Q: 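Structure incoming, see below.
Numbers here simply count residues along the sequence, with the first being 1. Remember, it's a predicted structure, so these values are computed and weren't measured experimentally.
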Amino acid sequence: MSLAFDTLLLETDESGICVLTINRPDKMNALNSRVFDELDLALDEVLSNSEIKGLIITGSGDKAFVAGADIKELNTLTDNEAEAKSLRGQKTFQRIEDSSKPIIAAVNGYALGGGCELALACHIRIASANAVLGLPEVSLGLIPGYGGTQRLPELVGKARALELIMTGRFVKAQEAKEICLVNEVAEQDAVESSKTMMSAIIKQGPLAIAQVVKAVKEAGKENGYKSEAKLFGDLYNTADFKEGTSAFLEKRKPDFSGK
Ligand code: COA
């Protein structure tokens, strides 16, 4: 399957792993309005196409994942337009975080500003050895506007997040792993490592994976444990649960239908 976009490439392999490549290599894959519109269309396709089991997001070329929001576009906005732009970007990134299908960011180079925020919205981040992550918006006289001030503290803790956002300093792959900003540094290629991890995830019950996303979203919130119990119970009404437990008892591999 291959859909045509101006700023994205979308390719799904026979196992159901879709790779979405942000494709503006001459602009370090910076996120302009067109990219956001196309990201929404691509997410519509990924979420509705039952042949797609999981999504990997990466950037074109070997220099950048995404070097941020398009600074040329940001430069001309009024305050109200800037607020609207922030809300617009937040909405698309929230769709990524809330996706019922697993999403991994293969961070293959610079992931700065909006690019770092895109990676933060994904469920899992795998960095290439040359990856560099950071939220340098203060150097432009701005703050992160696509969820960075909210998601970074969740991953690295409040103090470290404040340090990184206030200094705007760049974090290389190994340090990013040490502070839990990325899950793993790929030995060779970030997309290949992401595919390996995704293969392990899409073997599991897809409805269970979707419930994991909902349950973990409630972590640390007042009703977290209650939500977990409800989501756990809901799965008892699915064919996937019956198949998973039967397969274990019958000493065979499960064949999940996603129903
Ligand atoms: N928005 C728009 N254009 C961008 C961009 C961005 N966020 N990041 C890079 N580009 C463009 C550059 O303007 C340049 O375009 P040009 O060839 O038409 O002049 C092209 O991409 C290549 O970038 P360049 O800066 O020449 O590459 P480099 O290897 O010297 O540096 C970076 C790479 C990523 C360190 C540098 O481009 C950078 O700092 N980008 C901005 C990062 C940032 O502040 N992001 C937060 C935005 S909110």
Side-chain angles (χ1 to χ4, degrees), residues 19-22 28-31 39 54-69 86 89-90 92-99 102-140 142-198 200-201 212-213 216-217 219-220:
V19 177
L20 184 162
T21 306
I22 309 215
M28 299 269 166
N29 305 317
L31 302 172
L39 268 178
L55 177 67
I56 293 168
I57 300 180
T58 194
S60 182
D62 53 11
K63 260 192 110 173
F65 172 70
V66 168
S86 169
Q90 286 178 2
T92 301
F93 287 3
Q94 195 61 49
R95 291 186 74 198
I96 292 173
E97 182 180 308
D98 293 344
S99 164
I103 303 186
I104 299 179
V107 182
N108 59 320
Y110 288 111
L112 302 176
C116 184
E117 291 171 296
L118 170 60
L120 291 173
C122 294
H123 299 139
I124 293 166
R125 285 146 293 284
I126 295 189
S128 59
N130 71 334
V132 175
L133 297 96
L135 291 173
E137 283 85 349
V138 290
S139 72
L140 302 169
L142 288 172
I143 65 167
Y146 296 149
T149 64
Q150 308 303 299
R151 293 196 178 97
L152 188 64
E154 281 178 6
L155 283 183
V156 305
K158 192 171 167 184
R160 181 75 73 188
L162 281 165
E163 173 213 323
L164 293 178
I165 298 172
M166 284 178 166
T167 61
R169 86 174 164 87
F170 293 175
V171 176
K172 291 185 181 164
Q174 199 51 45
E175 183 190 354
K177 181 173 178 210
E178 282 156 19
I179 63 173
C180 299
L181 180 49
V182 301
N183 296 66
E184 199 176 296
V185 181
E187 283 189 10
Q188 289 176 350
D189 182 80
V191 173
E192 286 313 309
S193 293
S194 299
K195 282 186 178 172
T196 302
M197 189 181 285
M198 189 63 88
I201 295 171
V212 167
V213 171
V216 172
K217 197 175 172 191

Q: Identify, with sequence neighbours excluded, every residue that meets side-chain contact (heavy atoms from CB on, under 4.5 Å) alongside Glu154.
A: none
Q: According to side chain to side chain donor-acceptor pair (under 3.5 Å), does anything in residues 109-125 pair up with another residue at least two apart or in another chain? List the pairs.
A: none
Q: List the steps and the verdict of side-chain contact (heavy atoms from CB on, under 4.5 Å) for Leu120 and Leu181.
A: CA-CA 8 Å; Leu120 291 173; Leu181 180 49; 3.7 Å; yes
Q: So does Gly145 get a backbone contact from the side chain of Thr149, meaning a donor-acceptor N/O pair under 3.5 Å?
A: no
Q: With sequence neighbours excluded, what pairs up with Arg151 under the salt bridge (charged side-chain N to carboxylate O under 4.0 Å, His left out) test?
A: Glu97
Q: So which heavy atom on Cys116 is nearest to which on Gly134, and how close?
A: CB-O, 3.4 Å
Q: Under the ring pair (Phe, Tyr, Trp, His ring centres under 6.0 Å) definition, can you give me all pairs with a residue in residues 143-165, not counting sequence neighbours?
A: Phe36-Tyr146, Phe93-Tyr146
Q: Show me the donor-acceptor pairs within less than 3.5 Å that the side chains of residues 54-65 make with the rest of the protein, sequence neighbours left out.
A:
residue	atom	partner	partner atom	Å
Thr58	OG1	Ala106	O	2.9
Thr58	OG1	Asn108	OD1	3.2
Ser60	OG	Asn23	OD1	3.0

Q: Among residues at least two apart in sequence or on other chains, which ones pass side-chain contact (heavy atoms from CB on, under 4.5 Å) with Asn130?
A: Ser128
Q: Search all heavy atoms of Ala176 against all heavy atoms of Leu133 and return the closest pair with its distance.
A: CB-CD1, 3.9 Å
Q: Using every non-hydrogen atom in the two residues, find where Ala186 and Ile126 come nearest and quote the distance to one decimal.
A: CB-CG2, 4.1 Å
Q: Suppose we screen for salt bridge (charged side-chain N to carboxylate O under 4.0 Å, His left out). Which residues come up paired with Asp98, at least two apart in sequence or across chains?
A: Lys217
Q: With rounding to the nearest 0.5 Å, note down the distance linking OG in Ser193 to CD1 in Ile104.
A: 9.5 Å
Q: Only counting residues at least two apart or in another chain, list the ones meeting side-chain contact (heavy atoms from CB on, under 4.5 Å) with Glu178.
A: Gln174
Q: Can you name the nearest heavy-atom pair linking Val19 to Lys195, along with the distance?
A: CG2-CE, 3.8 Å
Q: Identify all side-chain donor-acceptor contacts of residues 160-169 below 3.5 Å with residues at least two apart in sequence or on another chain.
A:
residue	atom	partner	partner atom	Å
Arg160	NH1	Glu163	OE1	3.2
Glu163	OE2	Arg169	NE	3.0
Glu163	OE2	Arg169	NH2	2.9
Thr167	OG1	Glu163	O	2.8
Thr167	OG1	Arg169	N	3.1
Arg169	NH1	Glu175	OE1	3.1
Arg169	NH1	Glu175	OE2	3.4
Arg169	NH2	Glu175	OE2	2.8

Q: Counting only heavy atoms not in Gln94, do more than 12 fall under 6.0 Å of its CD?
A: yes
Q: Run Glu184 and Ile124 through side-chain contact (heavy atoms from CB on, under 4.5 Å) and show every step you take.
A: CA-CA 9 Å; Glu184 199 176 296; Ile124 293 166; over 6 Å; no
Q: Rounded to the nearest 0.5 Å, what separates atom CD1 in Ile96 from atom CG in Leu39?
A: 6.0 Å
Q: Measure across Asn29 and Ile22 and return the closest heavy-atom pair with its distance rounded to 0.1 Å.
A: OD1-O, 3.0 Å
Q: Ignoring hydrogens, what is the shortest heavy-atom contact between Ala129 and Val185? Give both atom names and the distance.
A: CA-CG1, 4.0 Å
Q: Which residues pass the side chain to side chain donor-acceptor pair (under 3.5 Å) test with Gln90, not counting sequence neighbours?
A: Ser86
Q: For the atom pair CG (Leu135) and CD1 (Ile143), what is the distance rounded to the nearest 0.5 Å?
A: 10.5 Å
